[in-house]
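Taking it in order: structure first as structure tokens, then the write-up.
By convention in this document, chain letters (A, B, ...) are assigned in the order of the sequence lines, proteins followed by strands, and residues within each chain are numbered from 1. This is a predicted model, so every value here is computed, not measured.
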2 protein chains.
Amino acid sequence: MAATIRDVAKAAGVTIGTVSRALNNYEDVNIHTRERIQRVARELGYRPNQMARCLSSKHMKRIALILSGFLEDTMLNDFETMLMKGIYQFASEHDIDIAMYVINSTTQLEKSYEQLCYEYNIAGAILFGLKTTDPYCEALPVSSRPCVTIDTELSGEHISNVTLDDVAAFDELTQYLIDRGHRNIVLVHGRKNAMVSMERLAGAYQAFERNGLKLTHDNIIYTNFHREEALSGVNEYFKTHSPDSVTAFLCMSDMLAIGTIEALKAMGRRVPEDYSVVGYDGLEVTNYTDPKITTVDQNIKQKGYEAARLLCDMLNGVRPAQKLVLPHTLVERGSVKDLAQK
Amino acid sequence: MAATIRDVAKAAGVTIGTVSRALNNYEDVNIHTRERIQRVARELGYRPNQMARCLSSKHMKRIALILSGFLEDTMLNDFETMLMKGIYQFASEHDIDIAMYVINSTTQLEKSYEQLCYEYNIAGAILFGLKTTDPYCEALPVSSRPCVTIDTELSGEHISNVTLDDVAAFDELTQYLIDRGHRNIVLVHGRKNAMVSMERLAGAYQAFERNGLKLTHDNIIYTNFHREEALSGVNEYFKTHSPDSVTAFLCMSDMLAIGTIEALKAMGRRVPEDYSVVGYDGLEVTNYTDPKITTVDQNIKQKGYEAARLLCDMLNGVRPAQKLVLPHTLVERGSVKDLAQK
DNA sequence: AGACATAACAAAAACGTTTTTGGCGAGAGG
DNA sequence: CCTCTCGCCAAAAACGTTTTTGTTATGTCT
């Protein structure tokens with residue numbers, strides 16, 4: 001059986017309170033005693049039980065990563081994984097441990113945010129995957145626990161958001177196509193009521209307007225972010241439109257771009273020679289397709305890292321709640337043809 | 001503040017002990033009292049604090065997922081994610097919660113397996129990513145805690161393994177190529193000392209032998225499982241071999257297949273028309289490449305699910321430690337040409 | 001009727017920490 | 001010499017549960 005604090009106390013000839021204060025580097029324990037205790041603890045291989053720790057202590061609570069919709073098959077594994085890598089990267093660098101909980105819209109109804117936090121002694125949380133209609137979106141702003149939402153805009157005294165400027169990024173992506181001579185652009189749209197879709201639409205609209213182009217229902221293909229829908233959507237599109245009515249496809253996600261390219265190839269068209277396609281997200285997979293897809297990298301791993309840092313800073317009171325907008329990166333690969341270039 | 005067991009006790013006019021036994025459905029509490037307590041608990045939104053719970057109770061401990069090497073950039077994100085999905089799937093179905101810990105070879109030295117388990121009240125664990133040289137590989141067999149290793153063969157009284165028959169699967173994959181008329185096959189090899197590489201090599205060797213083919217260093221390209229190494233490896237290969245000295249590339253992983261295809265394409269060759277390529281793992285990404293890659297699906301999600309189930313069964317004493325070999329699936333896609341077919 | 005089992009709960013111990021409060025001796029200031 | 005502070009540590013309370021042990025009333029058997 002592993003050593004407890006009591007074993008250390010007995011071996012060092014002090015009480016458990018002194019051991020605790022010695023190991024936590026309190027001031028009021030003599031330097032010699034402290035060192036003796038630390039030596040004994042090391043010799044016994046003592047490690048404080050974390051359960052007991054955060055039970056007793058007021059401020060030794062845990063930080064959590066709460067993932068919503070993780071189990072639903074969105075095909076976007078990369079997102080959560082990258083996020084987790086960023087978060088655990090920070091955690092390992094700062095020797096903190098984070099607890100992960102997977103929830104969904106249903107479990108949010110069964111167990112409130114406060115209940116969840118209380119149940120697991122959660123001092124602060126990072127939340128990802130929240131839909132605007134989710135119950136937790138109402139609970140977070142009124143909670144006294146600091147939290148950081150990723151890709152979800154929520155305001156409150158103790159809420160920070162880590163996002164990127166989706167509007168600007170998508171504007172930039174659209175402009176990128178326009179700059180390369182594309183005037184007839186079809187937008188492959190994501191889930192209609194999703195916040196991200198709305199923002200990206202706004203970005204596209206903004207760029208279209210600025211360049212005197214029109215964005216109408218006629219040149220939008222609607223999907224729910226699934227690859228297959230882009231595939232069938234593109235096929236549908238060409239049933240009512242001539243092949244040369246469009247030169248580029250502006251997709252709201254990489255997966256949609258993959259579906260679009262697949263459809264075009266199946267029709268015997270080449271990318272980017274016949275049609276240009278751009279994606280959005282910066283998934284690893286865009287490196288492995290043919291052609292490699294030009295996309296906007298969301299730097300999701302960095303998002304995770306920054307979210308973790310922000311949360312810890314908030315918990316330590318060294319940084320106020322804030323809205324952090326991370327930079328995005330337009331990654332030029334090989335799926336776009338420059339029409340201007342002769 | 002959330003309700004504690006004391007609040008429930010007071011509101012129901014009983015002691016906390018009775019509340020605990022009532023909520024945990026013990027026999028020795030009157031049916032009426034029990035129902036009253038449960039009603040009060042519901043009204044107060046009471047949820048037992050899990051930290052306190054597993055501190056006090058002997059058998060209310062936690063099950064853990066211990067991931068080694070998660071933060072190292074292996075580009076195999078899909079693996080861990082799929083695994084986690086399987087595990088959390090089981091967890092959500094059975095209302096148990098699992099704690100995740102990410103470690104690596106270094107942290108294994110700093111904190112022993114037993115210390116880790118004691119520190120976090122872990123009753124049993126699922127381990128993934130263990131290298132054969134890792135310290136935990138010696139600790140697990142002598143531990144009294146049940147555990148399940150995934151893709152790592154370890155024997156011990158309380159150790160189960162969930163694996164697939166790598167040898168047979170790779171044999172089957174090799175035979176698949178041979179059956180389609182391929183005689184000149186180049187093996188794209190993974191990390192040399194890795195267990196999985198050795199097993200897959202054995203499978204390939206076995207199939208080669210059976211068909212009277214020779215597997216020599218001359219037709220093996222060595223890599224460390226990285227895509228770039230396959231890419232450069234294939235280029236190197238053709239510097240010393242004529243283009244028609246080979247018809248198929250047998251890759252030990254999907255990533256290697258992706259790199260191989262990329263190299264071939266860059267040389268102006270077509271897949272599968274000029275060269276056939278097969279992968280191994282069944283990553284989602286093999287669906288998005290061009291051509292889609294024929295591969296062996298490891299059913300990693302199911303591995304996670306079964307591992308979780310097995311561990312729980314072991315903890316509940318309803319299933320002994322065992323070596324579980326899950327089925328694999330050869331997935332035919334479009335990266336192999338049938339030479340026999342005219 | 002007396003001994004004894006049983007149902008149903010109360011009371012208290014235990015889990016392993018952190019934190020608060022108490023106490024004692026030594027040195028300092030008046 | 002008396003008090004006051006302070007360094008240092010012991011003692012005990014607290015965290016929120018589960019589990020063990022005790023107790024009381026009620027019934028059952030001989």
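Put simply, SG on B/Cys54 and CG on A/Leu55 are 8.5 Å apart, with the number rounded to the nearest 0.5 Å.
Straight-line distance from the CG atom of B/Asn49 to the P atom of D/dA14: 18 Å, rounded to whole Å. Between B/Lys10 atom NZ and D/dG16 atom P there is a gap of 13 Å when expressed in whole angstrom units. For the pair B/Leu23 CG and D/dT18 C1', the computed distance is 12 Å after rounding to whole Å. Taking atom CZ of B/Arg47 as the reference point, atom P of D/dT18 lies 14 Å away to the nearest angstrom. Taking atom CD1 of residue A/Ile5 and atom C1' of nucleotide C/dA14, one finds them 16 Å apart after rounding to whole Å. The CD1 atom of A/Ile37 sits 8 Å away from the P atom of D/dA10 (whole-angstrom rounding). Protein atom CG of B/Asn30 is 17 Å distant from nucleotide atom P of D/dA25, rounded to whole Å. Atom CG in A/Leu55 sits about 5 Å away from atom C1' in D/dC15, given to the nearest Å.
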Between A/Thr81 and B/Glu80, does a side chain to side chain donor-acceptor pair (under 3.5 Å) hold up when you go through it step by step?
-> CA-CA 8 Å; A/Thr81 314; B/Glu80 279 93 348; over 6 Å; no
Kindly determine whether A/Asn104 and A/Ser68 satisfy side chain to side chain donor-acceptor pair (under 3.5 Å), including the steps that lead there.
-> CA-CA 5 Å; A/Asn104 57 46; A/Ser68 186; over 6 Å; no
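Closest approach to the A/Arg6 side chain among C/dG16, C/dA11, D/dG16 is made by C/dG16 (side chain taken as heavy atoms from C-beta onward). In the set C/dA10, C/dT17, D/dC9, the nucleotide with an atom closest to the side chain of B/Thr15 is C/dA10.
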When you check every protein heavy atom under 4.0 Å of nucleotides 19-27 of chain C, what one-letter string (B, S, -) results, 5' to 3'?
-> B--------
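Note on B/Arg39 versus B/Glu35: no salt bridge recorded, every NZ/NE/NH1/NH2 to OD/OE distance being 4.0 Å or above. The existence of a salt bridge linking B/Arg21 and B/Glu27 is excluded, since no basic side-chain nitrogen approaches an acidic carboxylate oxygen closer than 4.0 Å.
Ring-plane geometry between A/Phe79 and A/Phe128 is classed as parallel, the angle between the planes falling under 30 degrees on a 0 to 90 degree scale with a further cut at 60.
Within 4.0 Å (heavy atoms only), B/Arg34 reaches no atom of the nucleic acid at all.
With a 4.5 Å cut-off on side-chain heavy atoms, B/Leu140 and B/Leu130 count as touching.
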